[in-house]
Amino acid sequence: MADSQVSLGLNSRGQRGYTSRLPGLYRLSFSERLQLVGGVAGLSEDEIDTLRGVYSTGPEESAIENALGMVPLPLGIGTNLIVNGRDVLVPMVTEEPSVVAGFSNGARLVRQSGGVIASCDPPEMIGQIQLYDVLDPEETQQRIEQAEGDLLAVANATMPGMVARGGGARTLQVRRVATMQGTMLVVHLVIDVRDAMGANVVNTAAEAVGDALATRVADRVGVRILTNLATHRLARAHCSLPVSSLGTAEHEGGAIAQGIVSACAWADADPYRAATHNKGIMNGIDAVALATGNDWRAIEAGAHAWAAHGGHYAALTRWQIAQDDQLVGEIELPLAVGTRGSAIRAHAVARVAQHIMRVNTSGELAEIMAAVGLVQNLAALRALAAEGIQRGHMKLHARQIARAAALEGAEDMRSHAQHGEMPADTEDREPC
Ligand code: MEV
């Protein structure tokens, strides 16, 4: 028995009883970790090789604890996009076959009318500081507001680099939040994070300001963390195209445009539909977030919270037919994205993706992502309003079936895939 097996607690067959208790796993080398988890989970040599795969150098460098492999996702290029008069090639990372094709199709339609116009707010994030067991909310609020200058200086002292780049703490606002435990005060620390996503900067500053507040107020200082509902960092995009341009061989453009408008009205009124409508928008936005090394969970959280800002969960886009027979679409959502910061520096593909897009600032990236969300939505609604999404979707999905068939050696699946059809047993795999 090899020494390493003994030290990992594996038996002579390289196995060990199944348990989730693996103390010190994070201290092991990649190979030892693979050997241990493989032995505990009862993996075959083939399965261990799959994890080791071609990415054997990756996990060693991974920033996460207990890395055991990498899960590669395809990086595609969305074409045809024009934003603010500039052509943009869009790197998109997604496993869903129809996302890049749908986006490129939508962007081609919008391109004929000059493309998408987009804008965004300054890159301001909000750090939240919770005060609870507040005895006199009025008095505490006044005291905090009077100390605003000092507290902003405390925040800025935590981020000299950001301040040197023109960013830094801008304002402080105190909100009263009625909770089951009485009124809490929530201090919002607004920070311009320039081209960073800003989470680390904001959290560090929020903690420092929380400590400073603790010495000034009698109440208890609780949680200090950024909010992903980045309402000071909204991005917007709009486009306008003749309804006639939406037509397909089988469907007239006017009817499709009306279908798009009514689908949007439905999503606005019905959260069940809005969730799917917005998921389609995020198909594009998340794909760019992944390609550019941005935190797509933060973006998702902000987008869905923003979708409810009117009082109920609704569509993130609006589509209308204007009097001149133009279909006009718009989107607005928080986009807390960065073009610099340690996560992006450590992510070689993200740097290449930025180069492909020719973006430098976080604002440029946010504008492009808003445009991508709008176009992705147009493509989905156009297909839904015409033939439905399955025909086009399954043509692309057939490739995935063919790949699965090649891996599984399943002849019947391969023949279905060659004909662009979906065998009955693949229905559950539909990636919507
Ligand atoms: C599938 O990933 C996305 C769609 O469901 C979006 C929509 O329904 O609007 C097609």
Side-chain angles (χ1 to χ4, degrees), residues 73-76 78 90 92-110 116 237-239 241 246 248 250-251 255-291 296-297 299-300 303-304 306-308 312-321 327-333 369-401 404 420 422 426-432:
L73 289 170
L75 166 67
V90 184
M92 304 174 90
V93 170
T94 178
E95 87 297 347
E96 189 169 329
S98 57
V99 168
V100 178
F103 166 77
S104 301
N105 244 320
R108 187 174 44 78
L109 284 179
V110 178
V116 182
H238 70 92
C239 67
L241 61 165
L246 294 161
T248 64
E250 291 159 34
H251 300 268
I256 294 180
Q258 275 165 14
I260 290 174
V261 172
S262 88
C264 201
W266 173 25
D268 245 350
D270 177 1
Y272 285 91
R273 172 58 203 152
T276 320
H277 179 103
N278 292 340
K279 187 270 182 181
I281 293 168
M282 301 314 288
N283 274 345
I285 292 179
D286 287 347
V288 181
L290 271 162
W296 54 270
R297 285 92 51 219
I299 297 167
E300 281 275 334
H304 294 291
W306 178 251
H312 74 276
Y313 185 83
L316 286 165
T317 51
R318 298 260 165 292
W319 291 98
Q320 291 163 27
I321 301 176
L327 177 71
V328 179
E330 54 191 31
I331 187 170
E332 181 182 59
L333 78 168
M369 287 169 77
V372 168
L374 183 65
V375 168
Q376 198 80 52
N377 183 234
L378 172 66
L381 295 187
R382 180 178 180 235
L384 288 167
E387 61 186 23
I389 61 157
Q390 284 308 86
R391 198 196 295 173
H393 194 75
M394 290 322 301
K395 271 191 203 138
L396 291 158
H397 191 44
R399 274 192 232 154
Q400 206 171 41
I401 299 170
M422 178 175 62
T426 60
E427 273 172 10
D428 289 346
R429 302 178 192 208
E430 182 53 29
C432 266

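Both ligands and their constituent atoms are indexed starting at 1 by order of listing.
Near Leu384, the atoms of ligand 1 lying under 4.0 angstrom from a non-hydrogen atom of the residue are 7 (C), 8 (O), 9 (O). Ligand-side atoms of ligand 1 in range of Lys279: 1 (C), 2 (O), range being under 4.0 angstrom from any heavy atom. Set against the non-hydrogen atoms of His277, the atoms of ligand 1 under 4.0 Å away are 9 (O).
Residue Arg273 touches ligand 1 through its side chain alone, judged by heavy-atom distances below 4.0 Å. Only the side chain of Asn283 comes within 4.0 Å of ligand 1, judged by heavy-atom distances. At a heavy-atom cutoff of 4.0 Å, ligand 1 is contacted by no atom of Asn377, backbone or side chain.
Considering only heavy atoms from C-beta on, Thr94 stays 4.5 Å or farther from Leu290 through its side chain.
Distances between N or O atoms of Glu96 and those of ligand 1 include at least one value under 3.5 Å.
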Side-chain donor-acceptor contacts of residues 257-267 below 3.5 Å, not counting sequence neighbours, with atom names and distances?
unit_1 : atom_1 : unit_2 : atom_2 : d
Ser262 : OG     : Gly259 : O      : 3.4
Trp266 : NE1    : Asp270 : OD2    : 2.9

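Panel note: side chain Trp306, backbone Glu332; a donor-acceptor pair is recorded below 3.5 Å.
More than 12 heavy atoms of other residues, nucleotides or ligands sit less than 6.0 Å from atom CD of Glu300.
Between His312 and Asp268, the shortest heavy-atom contact is NE2-O, 2.7 Å.
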